[in-house]
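Values below: all heavy atoms of this structure, side chains included; hydrogens, waters and symmetry mates excluded.
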Amino acid sequence: MKKEVKNKIVEILKKEGLLFPDIEDKIKVEPPKEELYGDLATNVAFLLTKHLKQKPQDIALKIKSILEKDPMFSKVEVLNGFINIFLSENYYHNIVKKAVLEKDRFGEVLEKNRGKINIEYVSANPTGPLHLGHGRGAVVGNLLANMYSYIGYKVEKEFYINDAGNQIKKLGQSVYARFRQIDQPDYPFPEDGYHGDYIKEIAKELYHYEREKILSMLSEEEAVDFCAQYAKNYLLDKIKEDLKLINVEFDIWTSEKHLYEHGKVEQALNFLKNKGLLYEKDGALWLKTSLYGDEKDRVIKKSDGTYTYFAADIAYHFDKYERGYDFIINVWGADHHGYFPRLKAAVMAFGVPENWINVVFIQLVKLFKDGQEVKMSKRSGDFITLRELVEEVGKDAVIYFFASKDPDTHLNFDIDVALSKSNENPVYYVQYAHARISSVFREAKERFDFNPEEDFDADLSLLIQEEEKSLMKFLSTMQQEIEEAAVKNQPHKITNLTYDLASKLHKYYYQHKFLIENDEKLMRARLYLLKAVRNALRTLFRLMGITPLERM
RNA sequence: GCGCCCGUAGCUCAGCUGGACAGAGCAACGGACUUCUAAUCCGUAGGUCGCACGUUCGAAUCGUGCCGGGCGCACCA
């Protein structure tokens, strides 16, 4: 819609000989802040002031006189130099019909042929349950994936399992120690081991099912390794369960260990070696990342002969590179931002353009309780898990809360507010909008023997109230808004949109009646609009993974 | 020291590829249920958009410099 109007304006300028080369990209056609200014507004007149040496107002008036002849517009006004455009009724009616037809996929591009992309998120180490920070990453990543899918990409959702490093070893040692402590309480626990109670539970399970096997093992090393693998699988299952709690599922699980076992690391390094990008120094192997914008070269193989984590990550991204994505997005904790330049450099060494790899950084979640910040530490086992939170406040509230802030800003999570289950939580506000519509539909069926859930026609020209126009206007811009939010990696805009739509619905609801005794035509028209609005809400809910409520 | 993020109403945050009076929720105060669910709606009050220069017809938005908070600067993962 915006594009359509912009093109018309560009055409006019061309015809009038006013299309100066520097302004075409600067022409904005946007819905204005205030609805009374119209459906769309443009700033062209300001851009021309310099070239024409005339006041914006005068230029705007000239363009207005041409624009208002177009049947797509019902009215064109000039105010303070802005050109305000009002779209014709017919345009809006078609949008409402579209929303009714497309159900909970209103505006979605159904042919996913815009490209193939990969979004990797969460990727928590399988050494403990998911905590709040992971929850935020999970919600943001999932929402992004759904948004890109909505606008026509084929999206693969991926979880990278860090199961080859020291943490896994430490995990094994911790579990093994707890295992031994069952018979021998003074068995030493590793100093930097994982202290959470879940370690004891895993040990108990092992004691119950695998006691003989472990005790008969020849070396402690073997036993620790066995415990590590067992614990890893146990915790990965838990992680999957936890993610399911907030409607997050992955298409691909990639194991770091498998990358090594399948020679992926060698393969990737060979590729770089053949390009002449590796060299030896001080007994270690280095990659020339500084050629691609990193501040210095990085070690890939340590002087003791083992690979760095970076090497595995290169192999991992080489694998993604070979899978042929148009671009990839990694959702990372902000504490990793210093790591991005070197990974980007390595990836560019494969030969992809700079914008092939994108990272969305998630700032840390700070937890507050009783007005005090709660320090969370995985090592001490002292933290609130995602599961605990979901059980307390509900899935939808957790999703909505994590999705509602710009990922790249710090998030203060006040447990007391979240646990209060009160209307302080905005998710109730949007849910209520949906439930209200469903409630009206139930009443319509009961009192008027008219079921809006089934297909029906309506005369939309009867929708002339302010609130109705406001809703129709929202519907006409929703798709474009989602498109822009996706492309800019701004998932929190979805919650803003949802809130906005709910607010318009609540105002409408308060101001007007839908079940009208003696005017069936009007009733049908309003119910029809409600149905369109409900579909739009469902579409937004679906992106977030929130379940629409039929009643509250 | 260098790099990234943040600093907007008492609190939590939107707005930031420059544009029409700086917005919302919560908290405060005052109204609206014989009406399809008042988990709602309407109104009042509350702001030198961290500070200072600069660019511009126009700056919360862009640039530079400060101040304050967080994070990161490994042959760790």
### Distance-only polar pair, side chains of A:Lys395 and A:Thr547, donor-acceptor under 3.5 Å
yes
Examine [N]: is either OP1 or OP2 under 4.0 Å from a nitrogen or oxygen in the side chain of [X]? Give yes or no.
X: A:His336; N: B:rA77; result: no
X: A:Lys507; N: B:rC42; result: yes
X: A:Thr409; N: B:rA14; result: yes
X: A:Arg526; N: B:rC36; result: no
X: A:Tyr432; N: B:rC41; result: no

Closest to the [X] side chain: [options]?
X: A:Trp286; options: B:rC36, B:rC73, B:rC75; answer: B:rC75
X: A:Lys493; options: B:rC75, B:rG15, B:rU37; answer: B:rG15
X: A:Tyr510; options: B:rC41, B:rA77, B:rA74; answer: B:rC41
X: A:Asp335; options: B:rC71, B:rA32, B:rG19; answer: B:rC71

### Message
Please evaluate residues A:Phe73 and A:Phe86 with respect to the criterion ring-ring contact (aromatic ring centres under 6.0 Å, His included), reporting the C-alpha separation (whole Å), side-chain torsions for both, the decisive distance (0.1 Å), and the verdict.
### Response
CA-CA 6 Å; A:Phe73 313 127; A:Phe86 295 77; over 10 Å; no
### Message
Tell me if B:rC11 is syn or anti. Syn = glycosidic torsion within 90° of 0, anti otherwise.
### Response
anti
Any donor-acceptor pair under 3.5 Å joining the side chain of [X] to the base of [N]?
X: A:Tyr499; N: B:rA24; answer: no
X: A:Asn43; N: B:rA20; answer: no
X: A:Ser303; N: B:rC75; answer: yes

### Summary
Nucleotide by nucleotide, nucleotides 54-59 of chain B touches protein heavy atoms under 4.0 Å in the pattern (B base, S sugar-phosphate only, - none) ------
### Message
Quick check: do A:His434 and A:Arg538 have side-chain heavy atoms less than 4.5 Å from each other?
### Response
yes
### Message
Does this structure show an ion pair linking A:Glu354 with A:Lys344, if we count only N-O contacts that are shorter than 4.0 Å?
### Response
yes
### Query
So which of A:His512, A:Lys504, A:Lys507 actually passes side-chain hydrogen bond (donor to acceptor under 3.5 Å, both in side chains) with A:Glu467?
A:His512
